Amino acid sequence: MKYNFPKVDLHLHLDGSFRNSTIWELVSAQGVTMPVNTEEEFEKWMEEHSQSGSVNQFLEMFDAPLKVMQDKDSIVRITKELIEDIAKLGVAYAEIRFAPQLHTNKGMSQRDAIEAVLEGRRIGMEENPDIKIGIICCLMCQGPETVNWDANMETANIVHEYLNKGVVCIDLAGAEGFVPLSNFAPIFKVARDHGTPIICHAGDSQDWTTVKDAIDMGAVRIGHGHHIYENPELCRYAAEHNIALEICPTSNIQCQTRKTYGLHPAWNLYQMGIPVTINTDNMTMSRVCLDDEYDHCLNDMGFEYEDLILMNINSVKSSFMKDEDKKKLIEKLESELDKLV
């Protein structure tokens, strides 16, 4: 089914959402070694690994595309192409996230990586004027917080320099469950002290306590977060304080943080008044776009067509876009609601 209302994707990873043809072209140009030998084998390899049934195993896939995302030109190109692709799919606003520290293996600094993504954003929006893009810079959990403490602290210390220049907030992504999420609190405090807004992956493969930890650390929005459902008191808090959840249905099923679409608690959370939003997570690795996720919402998860528009309004309200842009986009979405009457 096609959905013609303006769409918003708040949870979209750059290194999981690329053109396979571009990655393979760069593999050939750069002479890097990949786990397979052809573009066709690469697509099959990703399909197999996306069904791993584990968040941490799913994350192992990112090592492959990251090999060719270690120079400015490649990052600019991949960012620009992603913006072009989602604009063609009817996305009006997206927040694209990436971890600057993962692009420093061949001499680039974190600042270089941020500026490359921002350059790709600039070109992408110039060539596709109907879409607006915010950039999220991720800290990374790669095991105990001590493993990459310095790299995370560097990210926390520099992101504020790019606020109002395309970067909108800081996030924590990566593996879960190695250490308590609260171990990263000192790094988030540095970001907060610089005035950087905070969001955080939590409550996906781990339980509701990580959502509470994320909120306690200052997160105003939660990546995934669906395990909040197991704590009614925390659900009430999220509803009362407009803590939005970035639900990524297909990713949750592939990683088996939820068994089936029908057993996903997104609709229940939505009925509780929590600002639920629907997102793709990794378009290429999961082989989905927002229309696919909306199909699952309607066919498998209990939502109605009107709910899709209302959840996009949730996305706009909980986004980091400018207030005047929020107002215009909400008006467009409300006009779509009026057509349903």
Side-chain angles (χ1 to χ4, degrees), residues 6-18 75-76 78-87 89-100 103 110-111 113-139 155-156 158-173 191-192 194-201 218-224 242-248 275 277-283 290 311-330 332-333:
K7 304 169 191 129
V8 179
D9 197 338
L10 296 180
H11 195 123
L12 179 61
H13 288 271
L14 179 65
D15 48 357
S17 307
F18 44 79
I75 293 173
V76 170
I78 291 169
T79 305
K80 177 188 77 72
E81 289 179 348
L82 176 55
I83 294 169
E84 178 181 349
D85 291 344
I86 61 177
L89 292 169
V91 176
Y93 178 78
E95 290 178 0
I96 298 172
R97 63 189 72 193
F98 81 111
H103 302 271
Q110 290 201 35
R111 280 190 174 86
I114 294 171
E115 290 169 9
V117 170
L118 290 176
E119 177 66 3
R121 168 187 178 269
R122 182 190 66 78
I123 298 170
M125 289 199 303
E126 282 184 0
E127 295 180 356
N128 303 275
D130 292 334
I131 192 171
K132 295 186 183 299
I133 300 291
I135 300 298
I136 298 171
C137 292
C138 294
L139 309 169
T155 307
I158 65 176
V159 166
H160 71 98
E161 299 173 19
Y162 298 94
L163 295 175
N164 302 315
K165 298 177 182 178
V167 171
V168 296
C169 70
I170 203 166
D171 178 27
L172 173 68
R192 284 202 316 275
H194 284 304
T196 305
I198 292 169
I199 64 175
C200 189
H201 282 63
V220 297
R221 209 171 72 205
I222 304 297
H224 301 293
N242 293 314
I243 305 293
L245 303 181
E246 302 163 358
I247 300 296
C248 307
T277 71
I278 300 297
N279 312 277
T280 57
D281 204 0
N282 301 288
M283 288 178 58
L290 278 176
M311 287 191 289
N312 271 281
I313 291 175
N314 286 343
S315 293
V316 175
K317 289 180 177 178
S318 59
S319 75
F320 293 100
M321 73 174 76
K322 295 177 181 177
D323 287 342
E324 58 266 32
D325 293 330
K326 285 187 178 184
K327 183 175 183 294
K328 291 177 183 177
L329 192 47
I330 288 172
K332 289 180 181 179
L333 287 162

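Keep in mind the model is a prediction, meaning the values are calculated, not measured. Atom set for the values below is all heavy atoms of this structure, side chains included, hydrogens, waters and symmetry mates excluded. For the single chain, residues carry numbers from 1 onward in sequence order.
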| request: Would you mind listing every salt bridge (Lys or Arg N to Asp or Glu O under 4.0 Å) that reaches into residues 314-329, with sequence neighbours excluded? | output: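 Non-adjacent pairs meeting salt bridge (Lys or Arg N to Asp or Glu O under 4.0 Å): K327-E331.
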
[atom1]/[X] to [atom2]/[Y] distance, rounded to the nearest 0.5 angstrom?
X: N282; Y: L12; atom1: CG; atom2: CG; value: 8.0 Å
X: I135; Y: I96; atom1: CD1; atom2: CD1; value: 5.0 Å
X: T155; Y: Q110; atom1: OG1; atom2: CD; value: 3.5 Å
X: I199; Y: C138; atom1: CD1; atom2: SG; value: 7.0 Å
X: I75; Y: D15; atom1: CD1; atom2: CG; value: 10.0 Å
X: S318; Y: N242; atom1: OG; atom2: CG; value: 9.0 Å

| Hey, mind stepping through L163 and F320 against side chain to side chain contact (heavy atoms under 4.5 Å, CB included) and telling me if it holds? | CA-CA 11 Å; L163 295 175; F320 293 100; over 6 Å; no

Set of side chain to side chain donor-acceptor pair (under 3.5 Å) partners for [X], sequence neighbours left out:
X: H103; result: none
X: T196; result: none
X: H11; result: H13, H201, E246, D281
X: D9; result: T280

Least distance between heavy atoms, [X] atom then [Y] atom:
X: L10; Y: I136; answer: O-CD1, 4.2 Å
X: M283; Y: S17; answer: N-OG, 3.0 Å
X: C169; Y: V159; answer: O-CG1, 4.3 Å

| request: Evaluate the side chain to side chain contact (heavy atoms under 4.5 Å, CB included) criterion for residues I83 and T79: first the C-alpha distance (whole Å), next the side-chain angles of each, then the deciding distance (0.1 Å), finally the verdict. | output: CA-CA 6 Å; I83 294 169; T79 305; 4.2 Å; yes

| message | For residues 113-135, which residue pairs pass the side chain to side chain donor-acceptor pair (under 3.5 Å) check, not counting sequence neighbours? | response |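 Found E115-Y162, E119-R122, R122-E126.
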
| Got a sec, which residues hit side-chain contact (heavy atoms from CB on, under 4.5 Å) with N314, two or more places apart in sequence or on another chain? |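 By the side-chain contact (heavy atoms from CB on, under 4.5 Å) rule, N314 matches Y270, P275, T277, M311.
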
| field | side-chain contact (heavy atoms from CB on, under 4.5 Å) partners of E81, counting only residues at least two apart | value |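 side-chain contact (heavy atoms from CB on, under 4.5 Å) check on E81 returns R19, T22, R77.
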
| field | Which residues share a salt bridge (Lys or Arg N to Asp or Glu O under 4.0 Å) with E95, sequence neighbours left out | value |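 Once residues adjacent in sequence are excluded, the partners of E95 under the salt bridge (Lys or Arg N to Asp or Glu O under 4.0 Å) criterion are R221.
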
